[in-house]
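One structure follows; several queries about it will come next.
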2 protein chains.
Amino acid sequence: MTSLDSTPQAVQGAETGHSTQPVHGTEAAKQIPPAAVARLTIYLRALNTLLSDGVERVSSESLAEASGVSSSTLRKDLSYVGSYGTRGVGYEVQYLSRHISAALGLTHDWKVAIVGAGNLGKALARYGGFESRGFDVVAIFDADQMVVGNEVGWLRVSDAADMEAVLQRTGANMVVLALPAHVAQAVCDRVVAAGVHSILSFAPVMLQVPEGVNLRKVDMATELQILAYHAQRAQTPDQTA
Amino acid sequence: MTSLDSTPQAVQGAETGHSTQPVHGTEAAKQIPPAAVARLTIYLRALNTLLSDGVERVSSESLAEASGVSSSTLRKDLSYVGSYGTRGVGYEVQYLSRHISAALGLTHDWKVAIVGAGNLGKALARYGGFESRGFDVVAIFDADQMVVGNEVGWLRVSDAADMEAVLQRTGANMVVLALPAHVAQAVCDRVVAAGVHSILSFAPVMLQVPEGVNLRKVDMATELQILAYHAQRAQTPDQTA
DNA sequence: TAGATTGTTAATCGATTAACAATC
DNA sequence: TAGATTGTTAATCGATTAACAATC
């Protein structure tokens, strides 16, 4: 997250054949390198900003600048998705945005359940960035009876004891874990057993998940530690050479 | 976040000489590859868990397993820090922990100010993981007069209008941005102007910072999008071959 | 046509892994 | 000494960059 680099891990997808021919349209998806997937989400955000500013066309050079990458990297990344630009002209913003969305699977119906209605869970439940990008928060759980039933945004907090039933009923296909380290693994196991295979964890522990479950981790303290490393280096001028 | 890898960017440190000789003790720090830095924070957490479990010694094999990496990667990463193990025996938990901490700059005095006292800002201010890992939250700001003065954890919310003065007085050397996208760049500029060079942003925008400022970004919606990509791939069995 | 910009190739760079000599 | 495990090297793999032919 990343850093995390965020801190991604244990994301196993089927990865059988590497088709060399770029395939467009509705055919089989090809493998996109992890680093490129992460950046594609950034391009998508930049494109949507342009779109709401009424910009219709953009060059790789300026989209790259807005995204903080080189134009070379940008064009290479886009080439994994397909070729949706026009030489000598650039990219049509809306058209490119739509194709990146499709490639990332954002046209699916993603229903997110949040486990943990503490400060972080509430912050996530109310975070506009989810809804606006096609993620529908359908449930929020807590084990504390004092919290169950409380209003959080549009939702009421469900009892964690009923998790399996509520996940089923709401059709949740992604779960966000916003709970203390010591209960995270147990809850994670229940979530997996309930058939959810995509999990984003904010708990500061290494979670073990079976093959085929996609787990990503965001650790806020880790991010500060990485920052600390760089800050310390900047303060201590290099004594080599 | 990220990268969450996570989505790291614009982290420039001085990087003059690459000393080939591993230097131990108090001498000049060498450059540690970004990927290794991120993992070292994970090892550190695993070591501290072992420590509180009363474990005194650990092999690269089992520390690697607890951290979700290969023992090869672990030993290579540790080699950037120094050689603090004993062949045929393993690593002394406390001793290794201390040396990783030192290498990451966690023995410094890090004072963190949080800008934005919304749900996320409050969650971060109360997040135990910061304090326990040597980051001291010294201030939290908001521009909303309805919120200024409120209690958040041990702190009271300061007026964002007084940011420069409070940053100065508290000696904050890191800032966490927990605010809406549209104000993030302006606040970021003020923070940089106030002399803070380490910034962790949760705002879903690309921020521009001058050379020499360390900026990391955590984007929760990005993490869900990456998850969506993998989930979609898993659902759509590969049609090549 | 002349100018611009994409999509792709090939070269470079960095990160991961396997293997093993060093050594406790 | 025999067994175990580190620290490091060399080989592999993947990601980034520069350059340019294709083409609007």
Side-chain angles (χ1 to χ4, degrees), chain A residues 2-3 5 7-11 13 15 18-24 30-40 42-43 57-65 67-93 95-96 99-100 103, chain B residues 3 5 7-11 15 18-24 30-40 42-43 57-65 67-93 95-96 99-100 103:
Chain A
T2 236
S3 201
D5 202 293
T7 316
Q9 53 173 127
V11 181
E15 46 167 318
H18 293 240
S19 58
T20 314
Q21 280 290 88
V23 185
H24 297 186
K30 47 232 147 328
Q31 172 88 319
I32 303 178
V37 170
R39 283 189 302 258
L40 283 166
I42 298 172
Y43 308 151
R57 200 178 286 152
V58 71
S59 69
S60 63
E61 192 59 58
S62 63
L63 182 56
E65 199 194 332
S67 306
V69 302
S70 73
S71 70
S72 213
T73 297
L74 177 115
R75 289 198 302 277
K76 182 123 246 272
D77 289 345
L78 294 184
S79 78
Y80 297 119
V81 173
S83 59
Y84 298 114
T86 308
R87 285 164 203 240
V89 177
Y91 304 88
E92 220 214 294
V93 173
Y95 184 72
L96 183 59
H99 281 288
I100 294 177
Chain B
S3 152
D5 117 319
T7 315
Q9 54 173 127
V11 182
E15 44 167 321
H18 293 240
S19 59
T20 314
Q21 280 288 88
V23 185
H24 297 187
K30 48 232 147 330
Q31 172 89 318
I32 304 176
V37 171
R39 284 190 302 258
L40 283 166
I42 298 172
Y43 309 151
R57 200 178 286 153
V58 70
S59 68
S60 63
E61 193 60 60
S62 63
L63 182 56
E65 199 194 333
S67 307
V69 301
S70 72
S71 71
S72 213
T73 296
L74 178 116
R75 290 198 302 277
K76 181 124 246 262
D77 289 345
L78 293 184
S79 78
Y80 297 118
V81 175
S83 59
Y84 299 112
T86 308
R87 286 164 202 240
V89 177
Y91 304 88
E92 220 215 292
V93 173
Y95 184 72
L96 182 59
H99 281 288
I100 295 179

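In what follows, chains carry the letters A, B, and so on, assigned in the order in which the sequence lines appear, proteins first and then strands, with residues in each chain numbered from 1.
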When you measure from the side-chain N and O atoms of B/R39 to the phosphate of C/dA15, is any distance below 4.0 Å, counting only OP1 and OP2?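 Checking B/R39 against C/dA15: no side-chain N or O falls below 4.0 Å of OP1 or OP2.
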What is the distance, rounded to the nearest whole Å, between atom CD of B/E92 and atom C1' of C/dC24?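 After rounding, the gap between these two atoms is 15 Å.
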Spacing between B/R75 atom CZ and D/dT9 atom P, to the nearest angstrom: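 Distance check: B/R75 CZ to D/dT9 P gives 14 Å.
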Using heavy atoms to find the nearest nucleotide of DNA chain D for A/V89 and B/S59 separately, return the residue whose nucleotide is more 5′.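 Closer to the 5' end of DNA chain D: B/S59.
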Can you find an N or O donor on one side and an acceptor on the other, under 3.5 Å apart, linking the side chain of A/R87 with the base of D/dT23?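 Not at all, since no donor on one side and acceptor on the other fall under 3.5 Å apart.
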Separation of atom NZ in A/K76 from atom C1' in C/dT9, rounded to whole Å: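 From A/K76 NZ to C/dT9 C1': 8 Å.
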Atom pair distance, as rounded to whole Å: CG in B/D77 and C1' in C/dA15: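 It works out to 10 Å between those atoms.
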Indicate whether OP1 or OP2 belonging to D/dT5 is found under 4.0 Å from a side-chain N or O atom of B/S60.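 No.
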Spacing of B/R57 atom CZ relative to C/dC24 atom P, expressed in whole Å: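 The distance from CZ of B/R57 to P of C/dC24 comes to 14 Å, rounded to the nearest Å.
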So, is A/S70 near the phosphate of D/dT17, with a side-chain N or O under 4.0 Å from OP1 or OP2?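 So the side chain of A/S70 is within the cut-off, an N or O lying under 4.0 Å from OP1 or OP2 of D/dT17.
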Which nucleotide, in any strand shown, forms a Watson-Crick or G-U wobble pair with D/dA10, with both distances under 3.5 Å?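 Base partner found: C/dT17.
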For atom OH of A/Y84 and atom P of D/dT23, their distance in whole Å: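 After rounding, the gap between these two atoms is 18 Å.
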Approximate separation, where rounding is to 0.5 Å, of B/S72 OG and B/E61 CD: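 Reported value, rounded in 0.5 Å steps: 10.0 Å.
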Quick one: are A/L63 and A/Y91 in side-chain contact, heavy atoms under 4.5 Å?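 A/L63 vs A/Y91: side chains apart.
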Does D/dT16 have OP1 or OP2 under 4.0 Å away from a side-chain N or O of A/T73?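 No, A/T73 has no side-chain N/O under 4.0 Å of OP1/OP2 on D/dT16.
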With rounding to the nearest 0.5 Å, note down the distance linking CG in A/D77 to OG in A/S60.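 Rounded to the nearest 0.5 Å, the CG-OG separation comes out at 11.5 Å.
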Enter the distance from B/I100:CD1 to B/I42:CD1 here, rounded to the nearest 0.5 Å.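 Spacing of CD1 (B/I100) from CD1 (B/I42) equals 11.0 Å.
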For the atom pair OH (A/Y43) and CG (A/L96), what is the distance rounded to the nearest 0.5 Å?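 With rounding to 0.5 Å, OH (A/Y43) is 10.5 Å from CG (A/L96).
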Between D/dT16, C/dC24, D/dC24, spot the one nearest the side chain of B/T86, thanks.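 Of D/dT16, C/dC24, D/dC24, C/dC24 is nearest to the side chain of B/T86.
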How is A/S72 classified with respect to the nucleic acid when contacts are heavy atoms under 4.0 Å: base, sugar-phosphate, or nothing?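 Base contact.
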What integer distance in Å separates B/L63:CG from D/dA4:P?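 In whole Å, D/dA4 P lies 20 Å from B/L63 CG.
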Counterpart base for C/dA4, defined by Watson-Crick or G-U wobble contacts under 3.5 Å: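 C/dA4 is paired with D/dT23.
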In whole angstrom, give the distance that lies between atom CG of B/L74 and atom P of D/dT8.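 The answer, rounded to whole Å, is 14 Å.
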Report yes if at least one side-chain N or O of B/Y91 is closer than 4.0 Å to OP1 or OP2 of D/dG7; otherwise report no.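 For D/dG7, OP1 or OP2 has a side-chain N or O of B/Y91 closer than 4.0 Å.
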